[in-house]
Enquirer: 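Below is a structure I'd like to ask you about.
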Amino acid sequence: MAEPQMFDVTARKTHQWTMVVLVAAGFVAGGRWGGALLVLAGAIMLAGRFWWPADAVRQLVWLVLEPAGVLRRVERVEDHETRRLARTVGGAIWLLAGATLLLGLGGGGLIAAWIVTLAIVAMVVLDAALDFCALCFLFLQLESRGLLPAGLRHTAAGR
């Protein structure tokens, strides 16, 4: 069995809170400005998931804030694969929601965009504040009931 990997939770949490602030600012701004902020948050999440240099927040933490002593690096063993999936899904949803706002789609499209956006925000806040990964919890529940596809299983018993 492989050694558990350690991850910098300081960078993760800073990234998460920054995304929450961007989305909240987008909600307050509304309209096209709100859409632009959602697209920015989604792009940082999605691009940064696949290419670390694109995650401007984590780069700021790793290259400036931690070395300067502004933030202290905290490493922990985490379920990073499920968090990466959550980040991919959340980033894609925020990109689509932002595009909906930028295109000026009103009515039901606007309401649906903000509902799914705020649902993702709630999950990000839970993880940032309480270290509760909602998708990790869902996967664990599905896996314990034998409902999770083999490729997504995490526990030794599930493999």
Side-chain angles (χ1 to χ4, degrees), residues 5 7-66 71 73-76 78-143 147-154:
Q5 241 184 321
F7 294 99
D8 180 6
V9 296
T10 304
R12 174 179 56 84
K13 288 176 179 281
T14 303
H15 165 88
Q16 289 170 320
W17 286 117
T18 302
M19 295 304 102
V20 168
V21 167
L22 276 174
V23 173
F27 186 76
V28 170
R32 296 203 191 310
W33 281 107
L37 290 170
L38 272 182
V39 166
L40 177 62
I44 290 170
M45 282 183 57
L46 201 53
R49 160 56 188 99
F50 295 103
W51 187 53
W52 283 110
D55 189 334
V57 178
R58 288 181 194 237
Q59 294 302 320
L60 177 67
V61 170
W62 289 329
L63 299 175
V64 178
L65 299 176
E66 287 178 347
L71 293 175
R73 185 178 186 93
V74 175
E75 293 200 13
R76 279 194 217 133
E78 287 192 322
D79 179 359
H80 231 221
E81 290 307 312
T82 307
R83 280 188 167 90
R84 285 179 179 142
L85 177 61
R87 181 178 170 149
T88 302
V89 171
I93 287 172
W94 285 351
L95 276 173
L96 291 171
T100 299
L101 296 172
L102 284 173
L103 293 172
L105 302 177
L110 176 70
I111 293 168
W114 281 116
I115 288 172
V116 295
T117 292
L118 296 176
I120 299 296
V121 166
M123 289 186 273
V124 172
V125 167
L126 280 171
D127 197 20
L130 304 173
D131 289 320
F132 179 77
C133 173
L135 189 61
C136 301
F137 178 76
L138 176 63
F139 275 23
L140 182 64
Q141 296 306 309
L142 291 172
E143 188 172 344
L147 300 173
L148 194 64
L152 295 175
R153 293 184 186 151
H154 288 81

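Numbering of residues begins at 1 and proceeds along the displayed sequence.
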Enquirer: Could I get the full list of side-chain hydrogen bond (donor to acceptor under 3.5 Å, both in side chains) partners for Q59, not counting sequence neighbours?
Expert: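 Listed in chain order: nothing, the list is empty.
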
Enquirer: Kindly state each residue pair satisfying salt bridge (Lys or Arg N to Asp or Glu O under 4.0 Å) with at least one member in residues 54-64, sequence neighbours excluded.
Expert: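 Qualifying pairs: D55-R58, D55-R87.
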
Enquirer: Quick one: salt bridge (charged side-chain N to carboxylate O under 4.0 Å, His left out) partners of R32, sequence neighbours excluded?
Expert: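 Once residues adjacent in sequence are excluded, R32 has no partner under the salt bridge (charged side-chain N to carboxylate O under 4.0 Å, His left out) criterion.
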
Enquirer: Please report the interatomic distance NE2(H80) to CZ(F7), rounded to the nearest 0.5 Å.
Expert: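 Rounded to the nearest 0.5 Å, the NE2-CZ separation comes out at 4.5 Å.
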
Enquirer: With disulfide (SG to SG under 2.5 Å) as the rule and sequence neighbours excluded, what pairs involving residues 84-129 come up?
Expert: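 Output for this query is empty, none listed.
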
Enquirer: Supply the atom-to-atom distance L38 CG to T117 OG1, rounded to the nearest 0.5 angstrom.
Expert: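 So the gap between those two atoms works out to 4.5 Å.
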
Enquirer: Can you name the residues that form a side chain to side chain contact (heavy atoms under 4.5 Å, CB included) with L60, not counting sequence neighbours?
Expert: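 Applying side chain to side chain contact (heavy atoms under 4.5 Å, CB included) to L60 gives V64, L65.
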
Enquirer: Which residues pass the side-chain hydrogen bond (donor to acceptor under 3.5 Å, both in side chains) test with Q141, sequence neighbours left out?
Expert: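 Testing Q141 for side-chain hydrogen bond (donor to acceptor under 3.5 Å, both in side chains), a comparison that skips the adjacent residues, returns R145.
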
Enquirer: Using distance only, find each side-chain donor-acceptor pair of residues 119-139 under 3.5 Å and give its atom names and separation, not counting sequence neighbours.
Expert:
residue	atom	partner	partner atom	Å
D127	OD1	R12	NH1	3.4
D127	OD1	R83	NE	3.4
D127	OD1	R83	NH2	2.7
D127	OD2	R12	NH1	3.4
D127	OD2	Q16	NE2	2.8
D127	OD2	R83	NE	2.9
D131	OD1	R12	NH2	3.0
D131	OD1	K13	NZ	2.8
D131	OD2	R76	NH1	2.9

Enquirer: Considering only residues two or more places apart or on different chains, which pairs with a residue in residues 35-44 satisfy salt bridge (Lys or Arg N to Asp or Glu O under 4.0 Å)?
Expert: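 Checked against salt bridge (Lys or Arg N to Asp or Glu O under 4.0 Å) - neighbours excluded - no pair reaches residues 35-44.
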
Enquirer: Show me the pairs that pass disulfide (SG to SG under 2.5 Å) and involve residues 18-47, at least two apart or across chains.
Expert: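 Residue pairs passing disulfide (SG to SG under 2.5 Å), neighbours aside: none found.
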
Enquirer: Holding to side chain to side chain contact (heavy atoms under 4.5 Å, CB included), I want the full list of residues that pass it with E75, two or more places apart in sequence or in another chain.
Expert: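 Testing E75 for side chain to side chain contact (heavy atoms under 4.5 Å, CB included), a comparison that skips the adjacent residues, returns M6, R73.
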
Enquirer: Which pairs count as ring-ring contact (aromatic ring centres under 6.0 Å, His included) when at least one residue sits in residues 25-59, sequence neighbours excluded?
Expert: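 Only F27-W114, W52-W62 qualify under ring-ring contact (aromatic ring centres under 6.0 Å, His included).
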
Enquirer: Using the test side chain to side chain contact (heavy atoms under 4.5 Å, CB included), find all partners of L22 that sit at least two apart in sequence or belong to another chain.
Expert: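 Here the qualifying residues are M19, L37, L40, A41, I44.
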
